[in-house]
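Structure, as structure tokens:
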Number of protein chains: 2
Amino acid sequence: MFSLEHLTSFVAVAEELHFGRAAARLTMTQPPLSRRIQALEHEVGVELLERSRRTVRLTPAGRVFLADARRILELSEQAALSARRVPGGEVGTVTLGFTAATAYSYLETVLAAVRDRLPHVDLVLREMVSSAQRAALLAGDLDLGLVRPPMGGPGLATAPLAREPLVAALPADHRLARRGTDPDVRDFDGEPFVMYSPAEARYFYEVLSRAFRDARVTPRYVQHLAQVHTILTLVRSGHGVSLVPAAATRLGLTGVVLRPVTGVGEEPVELEMAWRATNDNPALAALVDLLRSAAAAG
Amino acid sequence: MFSLEHLTSFVAVAEELHFGRAAARLTMTQPPLSRRIQALEHEVGVELLERSRRTVRLTPAGRVFLADARRILELSEQAALSARRVPGGEVGTVTLGFTAATAYSYLETVLAAVRDRLPHVDLVLREMVSSAQRAALLAGDLDLGLVRPPMGGPGLATAPLAREPLVAALPADHRLARRGTDPDVRDFDGEPFVMYSPAEARYFYEVLSRAFRDARVTPRYVQHLAQVHTILTLVRSGHGVSLVPAAATRLGLTGVVLRPVTGVGEEPVELEMAWRATNDNPALAALVDLLRSAAAAG
DNA sequence: GGCGGTTACGTAAGGCGTAAGAATT
DNA sequence: AATTCTTACGCCTTACGTAACCGCC
């Protein structure tokens with residue numbers, strides 16, 4: 001196999017079309033350069049240059065090989081540069097877990113941040129429920145997860161990412177939707193209510209339960225569901241009202257009115273990121289730093 | 001700069017995750033392999049492997065570098081293979097000139113033949129009138145031209161490519177178009193006729209002139225034009241009738257009827273290829289051979 | 001004759017293998 | 001104690017530079 005020195009030598013000669021000048025450019029004398037090119041030609045198995053005493057010209061094979069040689073040399077330089085940038089986290093891959101609910105909210109923020117600030121970091125996206133994310137993080141199948149609290153635990157580190165308000169989800173023809181003022185949590189007392197599932201959507205179940213307890217209201221739960229978009233579908237068809245994270249606005253579902261709601265606290269819904277404490281992926285560290293400062297900046 | 005041997009060594013170790021086995025695979029002992037990897041890491045400027053006495057693991061930087069290393073090695077092999085195939089003409093570039101008229105006829109045949117039989121030959125297409133092609137062929141700006149005869153001359157070689165019939169081009173409501181039988185050249189006697197330009201389309205002008213002379217008919221020339229599609233446009237608007245190469249059918253122009261015509265010879269329109277006799281482009285030689293045998297096969 | 005490439009030859013260095021070393025299970 | 005990577009050392013091959021050589025404007 002030829003070496004990269006052979007290739008740089010060949011490119012120099014091909015560009016200068018003059019062994020002497022090429023040798024000077026390579027800071028060597030020309031006899032060894034001649035030998036190198038001969039060796040390269042022997043190795044490749046084809047004449048690359050046509051020497052006619054006074055002039056040097058590329059053969060057709062030489063032209064083809066020159067293009068490849070340039071690409072190989074460029075790739076080689078890039079390879080070293082890329083590798084050097086890995087420990088700083090600028091280059092690499094992060095496997096990111098997210099739940100269905102984050103897909104249309106904070107995930108966009110993460111993607112935009114990575115595109116702008118860590119353009120050489122590849123994100124591999126995996127939609128997974130929170131429990132599966134915990135296992136995958138610990139197993140090393142996932143680098144980072146976008147999850148609802150609480151996600152602490154042995155071996156896992158977490159950091160808050162964002163808080164968001166709850167909004168009331170009302171059928172378009174509901175009296176609270178038609179009323180001029182925004183609904184209050186107390187308006188839901190005794191109201192048919194599409195509730196989160198305590199098992200599969202424990203976080204939202206607890207946030208809402210606490211809000212109702214604090215306000216001393218008791219909606220009438222008509223269904224328990226895990227996913228925001230399913231809840232909204234039932235609200236639309238008039239089975240009841242609900243409270244969903246504000247990001248649900250981005251779903252753009254028609255037939256459901258989403259309105260600010262008072263009495264449930266400012267921004268009760270929390271989102272955090274979680275990762276294995278011993279994960280040594282530098283790109284993960286860089287991404288965690290990036291998201292941490294983005295969260296701090298608001 | 002690291003060498004390709006460094007890369008093969010690294011790939012072997014990265015795949016085996018064991019210096020001893022990797023060394024065996026490279027048919028060497030492991031001490032020099034260790035040194036090579038150390039030198040490579042020093043060169044790249046980053047730790048690629050994590051040696052923990054009992055196990056060898058890739059670092060994140062190592063994973064990134066491994067992908068690049070594999071690509072570089074593959075490219076290097078391919079480069080040699082490609083270059084070796086150039087003298088046989090299997091790999092390379094042919095700059096091909098063609099006239100507007102061949103664009104919708106024989107050019108397609110050439111493109112299909114190259115795609116099927118010389119898939120690694122790149123074609124660079126240039127539309128040029130015949131005189132410009134002659135100059136470009138001699139100047140080395142063109143490797144091969146698709147031209148009308150006669151294109152011989154000092155330094156140029158030619159070979160016939162194809163013959164094709166002439167068809168009558170008639171306005172849709174013309175009496176010859178409505179008649180049950182195909183027109184004969186004698187039907188054009190005294191008929192308003194859209195003729196080729198003797199200067200810019202000399203070949204067609206002469207083919208038609210000879211056909212008319214042989215049949216002793218004298219159409220009434222109403223226009224002289226260079227390009228088939230312009231002629232057809234005038235025919236469509238009723239300025240006259242014309243005779244065009246059968247390939248014009250592929251233009252799919254509506255409002256013009258193209259019908260077989262008798263009395264003008266079987267396939268009077270010839271197409272040939274021309275190239276500079278001293279052109280040493282092996283891909284050109286391969287293409288000429290290919291087209292020659294395709295023409296012989298019909 | 002001189003420019004521009006190749007061949008010949010002596011020398012220096014880089015890299016191999018063998019052997020010894022160190023650390024971990 | 002055994003395994004496995006690293007360091008030490010002697011030798012050989014590879015490849016440089018200098019010098020001589022050859023062929024064509």
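We name chains A, B, ... by the order of the sequence lines, and we start the count at 1 in each one. This is a predicted model, so every value here is computed, not measured.
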Notebook entry, point to check: Taking it one step at a time, do Leu58(B) and Phe65(B) satisfy side-chain contact (heavy atoms from CB on, under 4.5 Å)?
Noted result: CA-CA 10 Å; Leu58(B) 278 168; Phe65(B) 192 74; over 6 Å; no

Next item on the list: Using heavy atoms and a sub-4.0 Å distance, could you list which residues of residues 15-28 of chain A are near DNA chain C? By number, please.
Entry: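 When residues 15-28 of chain A is checked for heavy atoms under 4.0 Å from DNA chain C, the hits, listed by number, are His18(A), Phe19(A), Gly20(A).
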
Notebook entry, point to check: Do any of residues 34-43 of chain A sit with a heavy atom less than 4.0 Å from DNA chain C, and if so which?
Noted result: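 Those residues are Ser34(A), Arg35(A), Gln38(A).
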
What is the distance, rounded to the nearest whole Å, between atom [atom1] of [X] and atom [atom2] of [N]?
| X | N | atom1 | atom2 | value |
| --- | --- | --- | --- | --- |
| Glu47(B) | dT6(D) | CD | P | 10 Å |
| Arg57(B) | dT24(C) | CZ | C1' | 16 Å |
| Glu5(B) | dG15(C) | CD | P | 10 Å |
| Leu33(B) | dC5(D) | CG | P | 9 Å |
| Gln30(B) | dT7(D) | CD | P | 13 Å |

Notebook entry, point to check: What do you reckon, is CZ of Arg25(A) surrounded by more than 12 foreign heavy atoms closer than 6.0 Å?
Noted result: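 Yes, because the 6.0 Å sphere around CZ of Arg25(A) holds more than 12 heavy atoms from other groups.
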
Margin query: To check you understand the geometry: which heavy-atom pair defines the closest contact between Asp143(B) and Thr93(B), and what is its length?
Written below: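 So the two residues come closest at OD2-O, 3.7 Å.
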
Item checked: Residue among Arg36(A), Arg35(A), Arg51(A) satisfying salt bridge (Lys or Arg N to Asp or Glu O under 4.0 Å) with Glu41(A) ->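 The passing option is Arg51(A).
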
Check: Given side chains that start at C-beta, do those of Arg85(A) and His120(A) come closer than 4.5 Å, heavy atoms only?
Finding: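 They are in side-chain contact.
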
Checklist line | Note, Leu4(A) side chain near Ser76(A) side chain (heavy atom, < 4.5 Å) | finding: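 Side chain of Leu4(A) against side chain of Ser76(A), heavy atoms only: contact under 4.5 Å found.
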
Notebook entry, point to check: Just by distance, do the side chain of Ser82(A) and the backbone of Ala79(A) share a donor-acceptor pair under 3.5 Å?
Noted result: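 Pair absent, no side-chain N/O of Ser82(A) close to backbone of Ala79(A).
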
Notebook entry, point to check: So, the side chain of Arg57(B) versus the backbone of Leu49(B): is there a donor-acceptor pair under 3.5 Å, distance only?
Noted result: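 Checked: no pair found.
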
Checklist line | Out of dT6(D), dT18(D), dG5(C), whichever nucleotide has its closest atom nearest the side chain of Arg51(A) | finding: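 Closest nucleotide to the Arg51(A) side chain: dG5(C).
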
